[in-house]
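In the text below, chain A, chain B and the rest are named by the order of the sequence lines, each starting its count at 1. Treat the numbers as computed from the prediction; the structure is a model and nothing was measured.
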Protein chains: 2
Amino acid sequence: MKGIRQLAEHLDISIGTVSRALNGKPDVNEETRRRVLVAAEELGYVANQSGRSLRQGTTNVIGLMIESSKETTENGDNFFLGLTGGLQSVLSRHKLDLIMLPCPSDEDPHEYLKRMVARRVVDAMIISATQRIDKRIDLLSRTKIPFVTLGRSASGSNYPWIDLDFDGVANSAVDRLVAHGHRRIAIAAPSNDINLGFIFLDGYRHALERHGIAFDPSLVIRVKSSEQGGYQAAHEILLLEDRPTAVILIYELMAIGLYRRLTEAGVIPGRDLAVIGFREEPRAKFLQPTLTCFRMSLPDLGVELAETLLATMPAYSHFYPEGARNCIWPLELVPGESDGFHLGNNGQRRQ
Amino acid sequence: MKGIRQLAEHLDISIGTVSRALNGKPDVNEETRRRVLVAAEELGYVANQSGRSLRQGTTNVIGLMIESSKETTENGDNFFLGLTGGLQSVLSRHKLDLIMLPCPSDEDPHEYLKRMVARRVVDAMIISATQRIDKRIDLLSRTKIPFVTLGRSASGSNYPWIDLDFDGVANSAVDRLVAHGHRRIAIAAPSNDINLGFIFLDGYRHALERHGIAFDPSLVIRVKSSEQGGYQAAHEILLLEDRPTAVILIYELMAIGLYRRLTEAGVIPGRDLAVIGFREEPRAKFLQPTLTCFRMSLPDLGVELAETLLATMPAYSHFYPEGARNCIWPLELVPGESDGFHLGNNGQRRQ
DNA sequence: CTGAAAGCGCTTACAG
DNA sequence: CTGAAAGCGCTTACAG
């Protein structure tokens, strides 16, 4: 089966009627519609997307841009695959398809996005890993293509975003540690320009302030967002003269490398150094002592992202009357042993 | 900037010349070409993909279908992201873009593929997770869309595929275990219809045969391809009356669950039960005792997949004169402690 | 309820 | 070397 023309010929009716029947337009005789649907199914006809898109001006495809940096792939980040289910559950209600657009690691993300947008392969975009200054946001705003970002940025203004509650994480982690007597609390923050590092740092400073603890820049350890980064962070902490008694990590995989370096040095997490990890991660699940970290639902976040995106699209916004919310996505503390909270202040196990 | 018409008007030349200049056709005055390229860059013009595709009959997009089953995403499989770099390094040579098509978990993969193919959103497809009987292969063959599968199947005939060397893994794992005195060797195989389970089982049976060991069906433990599956496998092994002394796993994440269950039972891998894992995985890297497993390069596999695919596409096959090879992708043994090989046959550490 | 026709944005023979 | 025109496969006013 080639095109709608062949199908129409086979049924001996006009292509206009075939098209209307297939697209569920109301003004079609029900018997005609039935015949068309049966024949289409039989002959395996599905409308050519380029023809549709060109005529309609929409592709019915939503793009999820993935930055497949070496770091991400080496560390096996399953974050995006975790989002797709939730995204699709919403998009499929509107017959929209989701495609993932992996930006080659040797291509500039901005250039890549520009190309994809200009070619009009998608009706809307979801981007993530926002930088503090992120030209992609200006680009998307300028071209007026609907989009939502996972992650805030200092770029743009009044654009739809959703972000994790880094502030909340910083607060509850610091509170928890301070309640246990810690005053020297380090953080391992990403060394690149990704915005979450800045947001977390802010939250951390404010939390310290609330407790009347002076901010010490030497306790902000900047490392790569990876296992290796965690290893490096532990290494630097061990070298500090006035060593911190606690550390908060800002990337899920850091804990693994950090544990490794600590273990090499005979430093036991939870006993000798309190550790609070970031997002709960299957891979960090088997660390001993168990890691105190934060839990969130990736599929639910996917749903939220999709709904926020659709709320910005004229053709769908009436389904989502709340409009595009700038949502701070909550994380829930999962207590483990790594912050020594199960021990009393004297280091003995609580009863 | 909207379309080629606006760009042509702005330059005061015809759209045909603009198109030819942009597409690098030879018969264009170099000065004209320069002006066109400059103006396009300036005004951010990029050809609308639907227009191009409709006219040319090709999309210049290659699709990588992803099955995002719950198992896969929950377990955070980074397999596909690991492939993209290699795939893109080849595809970009030909100005082809890679998109990932995640099949919703509630949609039948065959129906999903059918829809994507019929809509002509891609010029060619890469599919994976082939089943023993996989209708997708017949579908793709029938519709004559170029494709390559990652994984063999009993379906179809003479189609391009690449698969991991399960036979080689089975052989070298069994050989290694037998050399160490094991005669009762279990395998933990996937319980679904995925073809690799059958291929591995065959390899395992032949390897046993070579060593004159009778095949015992009770030693084939069928579980899910996940951490949980590994846990379940260990559980079932522990319940066996005539317990095996060794087990070979056929999915990378099983080792983690298996270790957990063994540890609960006080059974130490390498000492009380020899364990050989499948693909080396960052997450399994920190298991103690270290896991004996098999290493492969995902990026290189991506390159191979892309080249095999292009060899089947008329427009590109002359670049890849070797044609579409049915390639068995090798894996290399990475010795660890989990199979007790570092110990002598008497259980003492070797010198 | 159906058909004939226009036109979405492009590329590519064809003519000059 | 350039322009005018056809046509890729569809959807959608418009007319009947």
Side-chain angles (χ1 to χ4, degrees), chain A residues 1-37 39-40 43-61 95 115-123 143 145 315, chain B residues 1-37 39-40 43-61 95 115 117-123 143 315:
Chain A
M1 172 55 44
K2 262 203 71 213
I4 196 171
R5 195 134 259 140
Q6 281 70 30
L7 181 57
E9 237 161 63
H10 174 257
L11 288 162
D12 203 27
I13 54 179
S14 76
I15 60 166
T17 300
V18 170
S19 174
R20 281 189 294 266
L22 251 23
N23 287 301
K25 301 285 170 182
D27 51 356
V28 177
N29 179 298
E30 272 316 313
E31 168 59 12
T32 310
R33 187 193 304 281
R34 205 193 47 74
R35 281 183 59 220
V36 171
L37 290 175
L43 302 174
Y45 171 79
V46 177
N48 176 306
Q49 187 59 40
S50 299
R52 290 198 88 182
S53 298
L54 192 54
R55 173 63 225 241
Q56 294 195 126
T58 67
T59 62
N60 300 315
V61 173
K95 304 209 173 201
R115 197 157 57 88
M116 288 302 156
V117 166
R119 285 172 50 180
R120 307 254 143 215
V121 289
V122 296
D123 289 345
T143 52
I145 183 172
Chain B
M1 170 57 45
K2 262 203 71 212
I4 196 170
R5 194 134 261 141
Q6 281 70 30
L7 181 57
E9 237 159 62
H10 174 258
L11 287 162
D12 202 29
I13 53 178
S14 75
I15 59 166
T17 301
V18 171
S19 173
R20 282 189 293 266
L22 251 22
N23 288 300
K25 301 287 169 180
D27 51 355
V28 176
N29 180 298
E30 273 314 314
E31 167 60 13
T32 308
R33 188 194 304 281
R34 204 193 48 74
R35 283 184 57 221
V36 171
L37 289 175
L43 302 173
Y45 171 79
V46 178
N48 175 306
Q49 188 57 40
S50 299
R52 290 198 88 182
S53 298
L54 193 55
R55 173 62 227 238
Q56 295 195 128
T58 68
T59 62
N60 299 315
V61 173
K95 305 209 173 201
R115 197 158 57 87
V117 166
R119 286 172 51 181
R120 307 253 142 216
V121 289
V122 296
D123 289 346
T143 53

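Take the nearest nucleotide of DNA chain C for D27(B) and for A47(B): the residue whose nucleotide is more 5' is A47(B).
Counting only Watson-Crick or G-U wobble pairs whose defining distances are both under 3.5 Å, the stems of 3 or more consecutive pairs in DNA chain C are C:1-3 with D:14-16, C:5-12 with D:5-12, C:14-16 with D:1-3.
By the salt bridge (Lys or Arg N to Asp or Glu O under 4.0 Å) test, R55(B) is found to be paired with no residue, residues two or more places apart in sequence or in another chain being considered. The salt bridge (Lys or Arg N to Asp or Glu O under 4.0 Å) check on R20(B) picks up nothing, with sequence neighbours excluded. Legend: residues meeting side chain to side chain contact (heavy atoms under 4.5 Å, CB included) with V121(B), ordered by chain and number and at least two apart, are Q49(A), M116(B), R119(B). Qualifying side chain to side chain contact (heavy atoms under 4.5 Å, CB included) partners for E30(B), counting only residues two or more places apart in sequence or in other chains: R33(B). For the salt bridge (Lys or Arg N to Asp or Glu O under 4.0 Å) test, residues two or more places apart in sequence or in another chain that qualify with R34(A) are E31(A). Applying the side chain to side chain contact (heavy atoms under 4.5 Å, CB included) test to A39(A) and every residue at least two apart in sequence or in another chain returns L7(A), H10(A), L11(A). Taking N23(A) as the reference, S19(A), R52(A) meet the side chain to side chain donor-acceptor pair (under 3.5 Å) condition, with sequence neighbours excluded.
When rounded to the nearest whole Å, the span between CZ of R120(A) and P of dC10(C) equals 10 Å. When the C1' atom of dC10(C) is taken as reference, atom CD of Q49(B) falls 10 Å away, rounded to whole Å. Distance I4(B) CD1 to dG9(C) C1': 8 Å, rounded to the nearest Å. Atom CG in N23(B) sits about 7 Å away from atom P in dT12(C), given to the nearest Å. In this structure, E9(A) atom CD and dG9(D) atom C1' are separated by 14 Å, rounded to whole Å. Here dG9(C) presents its P atom at 16 Å from CG of L22(B), a figure rounded to the nearest Å. The interatomic distance linking R119(B) (CZ) with dC10(D) (P) rounds to 12 Å, in whole Å. Here dT11(D) presents its C1' atom at 15 Å from CG of L7(A), a figure rounded to the nearest Å.
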Pairs under 3.5 angstrom, nitrogen or oxygen only, protein versus nucleotides 3-6 of chain C, please.
{"from": "dG3(C)", "atom 1": "OP2", "to": "S14(A)", "atom 2": "N", "distance (Å)": "3.0"}
{"from": "dG3(C)", "atom 1": "OP2", "to": "S14(A)", "atom 2": "OG", "distance (Å)": "3.0"}
{"from": "dG3(C)", "atom 1": "OP2", "to": "T17(A)", "atom 2": "OG1", "distance (Å)": "3.0"}
{"from": "dG3(C)", "atom 1": "N7", "to": "R20(A)", "atom 2": "NH2", "distance (Å)": "2.9"}
{"from": "dG3(C)", "atom 1": "O6", "to": "R20(A)", "atom 2": "NH1", "distance (Å)": "3.2"}

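Under 4.0 angstrom from either OP1 or OP2 of dT2(D) there lies at least one side-chain N or O belonging to T32(B). The side chain of K25(B) contributes no N or O atom lying less than 4.0 Å from OP1 or OP2 of dT11(C). Remark: Q56(A) is in phosphate contact with dT12(D), judged by side-chain N or O atoms under 4.0 Å from OP1 or OP2. A close approach under 4.0 Å does not occur between any side-chain nitrogen or oxygen of N48(A) and OP1 or OP2 of dC8(D). Between Y45(B) and dG9(C) there is no side-chain N or O to OP1 or OP2 distance below 4.0 Å.
Residue contacts for S19(A): at a heavy-atom cut-off of 4.0 Å it reaches a base atom on one of the strands shown. Contact annotation for S53(B): no contact, since no heavy-atom pair falls under 4.0 Å across all strands.
With contacts defined as side-chain heavy-atom distances shorter than 4.5 Å, the pair D123(B)/V61(B) does not qualify.
Shown here for A8(A) and I15(A), the closest heavy-atom pair between the two residues is CB-CG2, 3.6 Å. Scanning all heavy atoms of the two residues, the minimum distance from S53(A) to S50(B) falls at CB-OG, 3.1 Å.
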